[in-house]
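Notes follow the structure.
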Protein chains: 2
Amino acid sequence: MYAPSEAARRSGFSLDTLRYYEKIGLLGAVGRTSAGRRVFTDDDLGWLVLFRCLRDTGMPIAEMCRYAELAREGEHTAGERRALLESHAVRVEEQMRLLQNQYDHLREKIRFYERLG
Amino acid sequence: MYAPSEAARRSGFSLDTLRYYEKIGLLGAVGRTSAGRRVFTDDDLGWLVLFRCLRDTGMPIAEMCRYAELAREGEHTAGERRALLESHAVRVEEQMRLLQNQYDHLREKIRFYERLG
DNA sequence: GCTTGACCTGGAGCGCACTCCAGATTGAAA
DNA sequence: TTTCAATCTGGAGTGCGCTCCAGGTCAAGC
């Protein structure tokens, strides 16, 4: 059980982002205290860690929503979820190759300045 | 000498983006035909290739503008330009590490689905 | 009892990087 | 000569992913 600030700290998302993710239905209904304050479970945290991973690798929010929705639909969507992650992973691989390539060009450019003096 | 569409094709930027880059002063004044159509030189193309590299590695446009401005100021800004690229390269390295890490997590998650059947 | 700080809601606003549009012009092909 | 694709300008609009705000509630420490 984590207070909002703790969930934010552990997930790396801001409080506003956590509220936003709940509002758009990315995070399922988060528990509340009797006073209406959010209480995040370990399960919620698990989702947040996954979202952190997917966001950091460039998945759009709409696609994360799709994934979360599938998961809520039950076990029978496991194949589809796996396919979704798999095709994302392929895109990430391309992204890594591009990044490495352009990084190399950047280093080349820097060497040009180094040779200048 | 390249027509706009050719410059777009070679740089990977859209026509609108090329116009936009000129408008905000990222690209210095691009030449025109007597009828007012843009003519891109090899030098322009060189800049576009650099911008492609910097954008692909996540540099914000404002920073590219800064770099371009320095270059226009002359030789004496070479040190500052180099420092700018160098600190960008460091950020890119961090970005690559993060991406690799999260990619590994993603692969782990996919393996979970694979074990499921 | 009072203050303080964390949290609540609904909704508006923002920064970035384009992207699209209207209305006009041009130049090469049929 | 007509037509049509490429291009021009200025300016408005878009999509994404948050981020901020006002006005209010609540719990704990002094």
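Predicted model only: the values in this text are computed from it and were never measured. Because only heavy atoms are used, hydrogens play no part in the values below, and waters and symmetry mates are left out as well, while side chains stay in. Below, read A as the first sequence line, B as the second, and so on, with proteins coming before strands; counting in each chain starts at 1.
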| task | For B:Lys23 and for B:Ala3, locate the closest nucleotide of DNA chain D by heavy-atom distance; then report the residue assigned to the nucleotide nearer the 5' terminus. | result |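 Result of the comparison: B:Ala3.
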#### Entry: Side chain proximity check, B:Leu50 to B:Tyr67, heavy atoms < 4.5 angstrom
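Yes, at least one pair of side-chain atoms sits under 4.5 Å.
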Kindly indicate whether the side chain of B:Arg66, heavy atoms from C-beta on, has any atom under 4.5 Å from the side chain of B:Ile61.
->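 They are not in contact (no side-chain heavy atoms under 4.5 Å apart), so the answer is no.
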May I have the distance from [X] (atom [atom1]) to [N] (atom [atom2]), rounded to whole angstrom?
{"X": "A:Leu15", "N": "C:dT9", "atom1": "CG", "atom2": "P", "value": "12 Å"}
{"X": "A:Arg9", "N": "C:dA6", "atom1": "CZ", "atom2": "P", "value": "14 Å"}
{"X": "B:Met64", "N": "C:dC16", "atom1": "CE", "atom2": "C1'", "value": "12 Å"}
{"X": "B:Glu63", "N": "C:dC16", "atom1": "CD", "atom2": "P", "value": "12 Å"}
{"X": "B:Ile61", "N": "C:dG15", "atom1": "CD1", "atom2": "C1'", "value": "12 Å"}
{"X": "B:Arg52", "N": "C:dA17", "atom1": "CZ", "atom2": "C1'", "value": "12 Å"}
{"X": "A:Leu18", "N": "C:dA6", "atom1": "CG", "atom2": "P", "value": "16 Å"}

Next on the checklist: Reading DNA chain C from 5' onward, which residue's closest nucleotide shows up sooner: B:Met59 or B:Ser34?
Outcome noted: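 With B:Met59 and B:Ser34 compared, the 5'-side residue is B:Met59.
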* Asked: If each of B:Arg55 and B:Ala35 is mapped to the nucleotide of DNA chain C with the nearest heavy atom, which maps nearer the 5' terminus, i.e. the 5' end?
  ->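 Of the two residues, B:Arg55 wins.
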So, B:Arg81 and B:Glu86, do they make that salt bridge, N to O below 4.0 Å?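 A salt bridge is absent here (no side-chain N lies under 4.0 Å from a carboxylate O).
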Next on the checklist: With a 4.0 Å cut-off on N to O distance, would you call A:Asp104 and A:Arg107 a salt bridge?
Outcome noted: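 Salt bridge between A:Asp104 and A:Arg107, a charged N being under 4.0 Å from a carboxylate O: no.
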Test of understanding: with salt bridge (charged side-chain N to carboxylate O under 4.0 Å, His left out), list the residues that count as partners of B:Arg82, not counting sequence neighbours.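 Applying salt bridge (charged side-chain N to carboxylate O under 4.0 Å, His left out) to B:Arg82 gives A:Glu114.
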Minimum-distance nucleotide to [X] side chain [options: [options]]:
{"X": "B:Arg32", "options": "D:dT7, C:dT19, D:dC8", "result": "D:dC8"}
{"X": "A:Arg19", "options": "C:dT9, D:dT9, D:dA6", "result": "C:dT9"}
{"X": "A:Asp16", "options": "C:dC18, D:dC20, D:dT9", "result": "D:dC20"}
{"X": "A:Thr17", "options": "D:dT19, C:dC8, D:dT7", "result": "D:dT19"}
{"X": "A:Tyr20", "options": "D:dC26, C:dT9, D:dG17", "result": "D:dG17"}

For [N] and [X] - does any side-chain N or O of the residue sit under 4.0 Å from the phosphate oxygens OP1/OP2?
{"X": "B:Thr33", "N": "C:dT26", "value": "no"}
{"X": "A:Arg38", "N": "C:dT9", "value": "yes"}
{"X": "B:Tyr21", "N": "C:dC18", "value": "yes"}

Between the base of C:dA6 and the side chain of A:Arg37, is there a donor-acceptor distance below 3.5 Å?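 Side chain to base: pair found, below 3.5 Å.
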Note to self: Classify B:Phe13 by what it touches in the nucleic acid, base, sugar-phosphate, or nothing, heavy-atom distance under 4.0 Å.
What the structure shows: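 B:Phe13: no heavy atom of the nucleic acid under 4.0 Å.
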